[in-house]
Enquirer: 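Provided herewith is a single structure, encoded as structure tokens, for subsequent inquiry.
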Amino acid sequence: MKNKISSIGILGGILMIYYIAPVVSLLFWKANNAMIPSIMNEDVISAMITSVGTSIVSVSISCILGIPLAYFLSRSAFRWKNIVLFVVFLPLVLPPIVSGMVLLTLFGPGSILGSLAMSSGIELTQSLVGIILAQVFVISPFVVIATKVGFDSVDEKLEYTSRSLGRTKIETFWRVTLPLSMRGIIAGIMLAFARAMGEFGATIMMAYYPRTMPTQIWVSFITGGIEEAFPVAIVLLVSSIIVILLISVLGQEVRGSYAPY
Amino acid sequence: MLHIKSIIKSIGEFTLGPIELTVGNEILVILGPSGSGKTTLLNVISGILNMDCGEILIGGKNISKEPIEKRSTAIVFQEDTLFPHMTVMENITYADVGGEDIKKIIDIFGIGKILDRSIDTLSGGEKNRVSLARAIVSKPEVLLLDEPLSSLDYPIRKRLSIDLRKILKQIEIPVIYVTHDRDIAWEIGDKIAIMSGGKICQIGTSEGIFKNPKTVVAAEITGESNILKMVVGESNGDGHIVEWGPYRLEARISGLENGKEVRACIRPESIVLGKQKKGKNWMKGEIVEKIFKGHRYAVELDIEGVKDQIRAYASLKQNETIKLEKGITLGVYFPKESIQILSNK
């Protein structure tokens with residue numbers, strides 16, 4: 001038994017090293033004081049603000065639209081449920097660059113929606129709106145799927161009990177279902193946020209400007225090679241880790257004392 | 001008062017009902033085997049399942065179309081459904097109905113010392129007490145209990161069932177308690193309803209049903225029973241003669257058609273064992289098995305002239321006086337009143 005556990009530990013350990021090694025390598029690879037001006041560069045700071053800002057908005061939109069859909073999918077049984085699930089998975093199976101292309105056909109300058117928005121003074125591409133449209137398309141399935149798993153894990157009998165004690169469906173959702181699904185919801189938010197921060201393919205198709213961090217890394221790489229791209233990558237990595245840690249801590253706060261869940 | 005009028009609910013090939021039931025301020029135990037529709041009935045009453053047709057009235061008000069939260073029918077499930085992210089006290093006050101009864105109910109259930117504990121630190125018995133207290137605190141007009149004690153070990157279940165009856169008698173509302181455990185049913189119920197195949201096949205007191213079961217299910221679920229195929233013979237004034245193989249037995253039954261094939265129930269406890277082997281309702285039986293049951297013995301007997309094997313009980317004293325041993329032959333007597341004819345349905 002002990003030997004089996006040791007083997008599992010070794011295999012898992014190899015994978016953990018494979019995850020951590022490139023990150024550590026990135027942090028220490030030619031890290032020196034000369035990097036600081038590159039990091040403090042106006043374009044890099046602007047890209048960081050754009051990435052963090054649009055990611056927060058995109059995750060929020062994904063939650064507002066995705067959590068009700070996840071609840072519906074978890075609690076309903078209907079004929080076309082698998083087709084709806086397939087649609088939710090669709091953005092995950094499309095290569096991001098293809099996602100950007102399909103979004104351009106819908107929101108691009110030549111499209112009906114794009115033209116309508118343009119006539120109202122709203123640019124759906126080459127704008128913050130464009131970045132958010134791309135990010136929501138790519139990241140919202142993470143929220144829907146992880147949240148659905150969270151809702152699935154809550155025994156419906158708890159909800160029936162709550163309602164038989166006089167609480168309405170909405171009260172039951174807020175007081176029982178949501179707190180007990182919080183682990184899934186937080187996991188979904190973390191995955192979505194990480195994906196939004198790193199989103200490149202769809203975003204660059206929808207909005208080359210304003211630049212997000214991945215776009216800035218790409219631009220730095222093609223203009224100055226890896227030496228130029230390297231400091232921006234570190235900023236992206238550190239800012240992503242900080243935000244994900246913040247979400248994690250906030251999530252723990254929200255879950256409060258629901259330790260087992 | 002709870003009135004259930006002609007409710008029917010179909011789920012796949014299973015159909016519940018039609019069910020007619022009236023429950024006053026009493027404890028009605030629905031006793032039936034797994035799959036008989038007991039839980040489905042509770043789910044329909046509580047509104048978890050919509051019925052196909054029929055009516056449910058509580059205190060004269062038709063609640064058939066009300067959502068779960070408007071029915072005032074608190075339900076306690078077999079599984080632990082305490083809210084795990086809340087303390088015991090938060091669970092108990094979840095219904096938010098207020099009132100001074102909460103302290104009293106906490107005292108009755110003896111859970112005053114665990115109010116601040118989280119749910120995952122409670123034992124099975126404590127969880128059951130809290131679940132029941134929470135349901136009663138919500139001041140329901142009808143209390144629905146779906147085998148809430150079945151997950152407990154026997155001694156705890158026994159003790160809690162005694163306490164529970166006392167508490168349920170105090171709240172004076174209609175209580176429906178669903179179980180497949182006859183001991184719990186005897187312990188808790190004022191009345192017993194036997195359920196089988198989605199229908200209630202008999203309703204009455206526990207003693208009444210035990211002594212006079214109407215169906216095979218009622219006979220088997222309320223106690224050990226010998227179910228024997230017999231043929232009704234002629235009337236003999238005091239009852240009927242029933243034929244069982246070569247035996248013509250006197251039975252205190254009436255209104256049966258001569259020559260009709262019937263199934264009869266004879267409880268092992270009403271069968272008399274003795275040395276006599278001939279006479280009315282006496283026959284000869286050979287012991288093929290003897291099982292120690294604590295306060296008595298159960299003996300399996302091959303009866304001369306029939307294929308059926310029957311079970312009878314013998315007291316510990318009888319075991320010494322008759323010397324009950326495997327292979328010995330002794331007299332077996334069916335008292336007239338012990339032969340109960342069951343419905344063929």
Side-chain angles (χ1 to χ4, degrees), chain A residues 67-68 70-72 74-79 81 146-189 248-261, chain B residues 11 39 42-49 63 66-87 90-98 116-122 127 130-148 176:
Chain A
I67 293 174
Y71 185 74
F72 174 73
S74 173
R75 290 294 182 264
S76 317
F78 57 97
R79 203 174 169 189
K81 189 170 174 176
T147 306
K148 180 182 173 294
V149 171
F151 288 140
D152 288 346
S153 71
V154 179
D155 187 347
E156 279 189 79
K157 283 189 173 164
L158 291 173
E159 294 173 343
Y160 295 141
T161 301
S162 165
R163 292 181 65 197
S164 88
L165 294 170
R167 295 289 186 177
T168 63
K169 253 185 172 178
I170 293 170
E171 285 174 324
T172 298
F173 178 79
W174 285 107
R175 295 183 54 121
V176 177
T177 317
L178 198 64
L180 294 178
S181 313
M182 205 46 87
R183 174 172 279 186
I185 294 169
I186 289 166
I189 290 172
S248 178
V249 170
L250 281 173
Q252 290 288 348
E253 285 293 315
V254 173
R255 280 161 57 195
S257 57
Y258 325 152
Y261 295 84
Chain B
I11 305 168
T39 297
L42 285 201
N43 287 344
V44 167
I45 298 170
S46 67
I48 292 169
L49 289 175
I63 55 136
E66 297 285 353
I68 303 172
E69 57 270 24
K70 293 269 169 70
R71 294 192 174 207
S72 198
T73 54
I75 186 163
V76 179
F77 293 102
Q78 181 179 358
E79 301 85 1
D80 164 26
T81 54
L82 291 172
F83 306 127
H85 55 302
M86 298 180 191
T87 63
E90 285 166 345
N91 265 280
I92 288 172
T93 55
Y94 181 80
D96 197 25
V97 289
D116 295 328
R117 298 234 319 251
S118 63
I119 300 307
D120 59 335
T121 65
L122 304 181
K127 281 181 180 173
V130 176
S131 296
L132 292 162
R134 179 178 65 178
I136 293 168
V137 164
S138 73
K139 295 182 182 167
E141 288 178 63
V142 172
L143 185 58
L144 306 171
L145 307 174
D146 186 1
E147 307 206 42
I176 299 184

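Note that this is a predicted model, so its numbers are computed, not measured. Computed from heavy atoms alone, side chains included, the values below leave out hydrogens, waters and symmetry copies. Numbered from 1 within each chain, the chains take letters A, B, ... in sequence-line order.
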Enquirer: Where along residues 134-147 of chain B does a heavy atom come under 4.5 Å of chain A, listed by residue number?
Expert: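 Interface residues of residues 134-147 of chain B: R134(B), A135(B), S138(B).
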Enquirer: For F151(A) and Y71(A), take the angle between the two ring planes, folded into 0 to 90°, and tell me which bin it lands in: parallel under 30, tilted 30 to 60, perpendicular over 60.
Expert: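 Perpendicular: the ring planes of F151(A) and Y71(A) meet at over 60°.
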Enquirer: For the backbone of I75(B) and the side chain of S164(A), can you confirm whether one donor and one acceptor N or O come within less than 3.5 Å of each other?
Expert: yes
Enquirer: So for atom NZ, which belongs to K169(A), do other residues, nucleotides or ligands contribute more than 12 heavy atoms lying within a distance under 6.0 Å?
Expert: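 No - once you tally the heavy atoms of other residues, nucleotides and ligands closer than 6.0 Å, there are 12 at most.
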Enquirer: Which of the residues T172(A), L158(A), D155(A) is involved in the greatest number of heavy-atom pairs with chain B at under 4.5 angstrom?
Expert: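 Max contact count across the listed options: L158(A).
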Enquirer: At a 4.5 Å cut-off on heavy atoms, which part of T73(B) comes close to chain A: side chain, backbone, both, or neither?
Expert: backbone
Enquirer: Run through I92(B), I119(B), D120(B), T87(B) and flag the one making a side chain to side chain contact (heavy atoms under 4.5 Å, CB included) with L82(B).
Expert: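 Between L82(B) and the candidates, side chain to side chain contact (heavy atoms under 4.5 Å, CB included) is satisfied uniquely by I119(B).
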Enquirer: Between S46(B) and L42(B) (side chain of the first, backbone of the second, donor and acceptor by atom type, cut-off under 3.5 Å), is there such a pair?
Expert: yes
Enquirer: Check whether any side-chain N or O of S181(A) sits under 3.5 Å from a backbone N or O of G184(A) as a donor-acceptor pair, and report yes or no.
Expert: no
Enquirer: According to ring-ring contact (aromatic ring centres under 6.0 Å, His included), who are the partners of F83(B), at least two apart in sequence or on a separate chain?
Expert: Y94(B)
